[in-house]
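The structure is given below, and queries will be raised subsequently.
Chain letters run A, B, ... following the sequence lines, proteins first, then strands; residues in each count from 1. As the structure is a computational prediction, the values presented were derived from the model and not from experiment.
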Number of protein chains: 2
Amino acid sequence: MKPETDARTDTRKKILDLAEVLMLSRGFNAFSYQHISGELGVRNAAIHYHFPKKTDLGVALIERYRRRFARYVEAQAELPPPAQLDRYFSLADTYYNKQQICPSGILSAELHTLPPEMRQSTASFVEEMRAWAVDIVRRGQAAGVMHYLGTPEGMGTIVFAAMQGSLQLARLDGTALDEVKQQIRLLLGMVQA
Amino acid sequence: MKPETDARTDTRKKILDLAEVLMLSRGFNAFSYQHISGELGVRNAAIHYHFPKKTDLGVALIERYRRRFARYVEAQAELPPPAQLDRYFSLADTYYNKQQICPSGILSAELHTLPPEMRQSTASFVEEMRAWAVDIVRRGQAAGVMHYLGTPEGMGTIVFAAMQGSLQLARLDGTALDEVKQQIRLLLGMVQA
DNA sequence: GCGACTCTACTTACTGGTCAGTAAGGTGTC
DNA sequence: GACACCTTACTGACCAGTAAGTAGAGTCGC
């Protein structure tokens with residue numbers, strides 16, 4: 001009984017992985033259990049065995065994001081703030097290359113059609129991401145490696161909002177993401193103007 | 001035969017108005033002809049009479065936005081750039097107060113599930129909005145009433161992306177929109193830091 | 001000034017497809 | 001023999017879209 005080939009967690013994980021791809025490219029409401037079961041070579045009811053309601057799948061997806069994000073933040077806690085920002089930018093590039101948008105983007109856009117449990121998880125997730133962006137620019141300022149107008153709250157929030165927005169725009173206009181990234185670097189005093 | 005009470009254009013307009021509200025709060029895929037016909041007190045097929053396919057309704061919605069936006073831009077072409085920015089901010093407040101997001105936000109988020117005709121219209125619409133934001137900050141800079149780092153393209157794009165993103169975030173965190181608006185004013189050198 | 005025709009703007013009634021979700025049964029493993 | 005992990009088979013809801021019919025208003029010939 002090798003845990004790494006345990007069928008139980010294996011199928012469950014495959015479902016989550018597929019659901020993740022579908023959600024980030026099409027949205028939560030625009031994919032069905034059929035999309036997953038077809039790709040996975042199982043029947044629809046197999047998905048319902050692991051996630052009885054679609055809401056359960058949605059909440060599990062968001063909670064997995066939150067855990068992953070927490071690990072991600074912790075893993076690079078020791079990096080200097082500009083390097084953390086670069087990592088953030090690379091993450092956005094990864095989404096862009098897959099023609100996806102960020103989880104907070106799709107979830108906040110679809111918010112009013114999501115079940116209450118998912119809305120709750122989304123609110124926590126988005127608040128954690130925003131707080132992290134604020135934290136980066138705050139520590140960047142404190143360390144003297146970032147210089148900008150206004151407060152860390154204002155600057156962090158606009159960075160987060162602009163990245164979310166530009167990832168969506170980038171699917172229509174490929175230059176938007178690079179342009180926004182470059183402008184953020186400028187506004188944070190990280191490049192010579 | 002008074003044209004202002006012409007039943008023809010009247011029902012058609014009511015359908016578009018209702019579809020607009022539904023799209024900005026729930027998204028294009030998350031409303032049905034039933035939602036509209038129920039509210040309007042007509043049968044489903046009546047909507048199909050005016051808009052045979054849902055795609056037709058979607059394209060009509062976007063094209064109406066584009067015409068409205070073009071008029072909006074022209075109507076305030078003589079205003080000084082900071083005043084135009086304020087109008088843009090008020091528009092965002094209007095959406096926020098109705099718990100809606102901006103059309104470009106929902107359309108770009110749902111992009112991959114939209115029919116090709118709608119994608120085409122969306123691309124044109126978004127490009128027009130972005131160009132307008134760039135134009136405001138370009139003329140603001142030229143008039144000496146806006147001062148910022150980088151190019152008008154970079155600054156206009158980040159303003160547009162940040163506004164789109166913050167309108168989405170504002171449904172989860174009521175402070176996001178005001179924070180981003182204030183930060184934009186700061187970054188454009190429109191307030192004393 | 002009146003019947004015949006036509007057009008707009010609907011209606012009723014339906015189809016086929018997709019959806020989430022359920023119940024009951026089977027199969028292999030500890 | 002109990003349990004995890006599926007299957008087959010189904011339900012009811014909702015969906016976009018269509019076909020055929022109709023009420024009323026305007027138009028035309030005469």
Practice problem: Would you indicate which nucleotide in D:dC6, D:dA16, C:dG21 comes nearest to any side-chain atom of A:Lys54? | Solution: C:dG21

Quiz item: Does some side-chain heavy atom of A:Lys14 sit less than 4.5 Å from a side-chain heavy atom of A:Glu39?
Solution: no

Quiz item: So does B:Glu63 pair up with B:Arg66, basic N to acidic O under 4.0 Å?
Solution: yes

Quiz item: Does a side chain donor of either B:Thr157 or B:Arg130 reach within less than 3.5 Å of an acceptor in the other side chain?
Solution: yes

Quiz prompt | Spacing of B:Asn44 atom CG relative to C:dT11 atom P, expressed in whole Å | solution = 10 Å

Quiz item: Hey, do the aromatic rings of B:Trp132 and B:Phe160 have their centres closer than 6.0 Å?
Solution: no

Quiz item: With a distance cut-off below 6.0 Å to the six-membered ring centre and an angular limit of 45° from the axis, does A:Lys181 pair with A:Tyr88 as a cation-pi contact?
Solution: no

Self-check item: Selection: residues 20-36 of chain B, any non-hydrogen atom under 4.0 Å of DNA chain C
Solution: none

Quiz item: Where does the angle between the aromatic ring planes of A:Phe28 and A:Phe31 fall among parallel (under 30°), tilted (30 to 60°) and perpendicular (over 60°)?
Solution: perpendicular

Quiz item: Do NZ/NE/NH1/NH2 and the carboxylate oxygens of A:Arg26 and B:Glu110 come within less than 4.0 Å?
Solution: no

Quiz item: Atom OH of B:Tyr49 and atom P of C:dA9: how far apart are they, to the nearest Å?
Solution: 4 Å

Quiz prompt | Separation of C:dA9 P from B:Leu40 CG (nearest whole Å) | solution = 14 Å

Quiz item: Under a 4.0 Å N-O cut-off, is there an ion pair linking B:Arg185 with B:Asp86?
Solution: yes

Self-check item: Between D:dG17 (P) and B:His48 (NE2): distance, integer Å
Solution: 6 Å

At a cut-off of 3.5 Å, list every protein nitrogen or oxygen paired with a nitrogen or oxygen from nucleotides 19-21 of chain D, distance to 0.1 Å.
none

Exercise. Mind calculating the distance between CD1 (A:Ile47) and P (D:dC6) to the nearest angstrom?
Key: 9 Å

Self-check item: Nucleotide nearest B:His50 when distance is taken to its side chain, options C:dG21, D:dA4, C:dC10
Solution: C:dC10

Quiz item: Hey, is the side chain of B:Thr11 poking within less than 4.0 Å of OP1 or OP2 on C:dC10, counting only N and O atoms?
Solution: yes

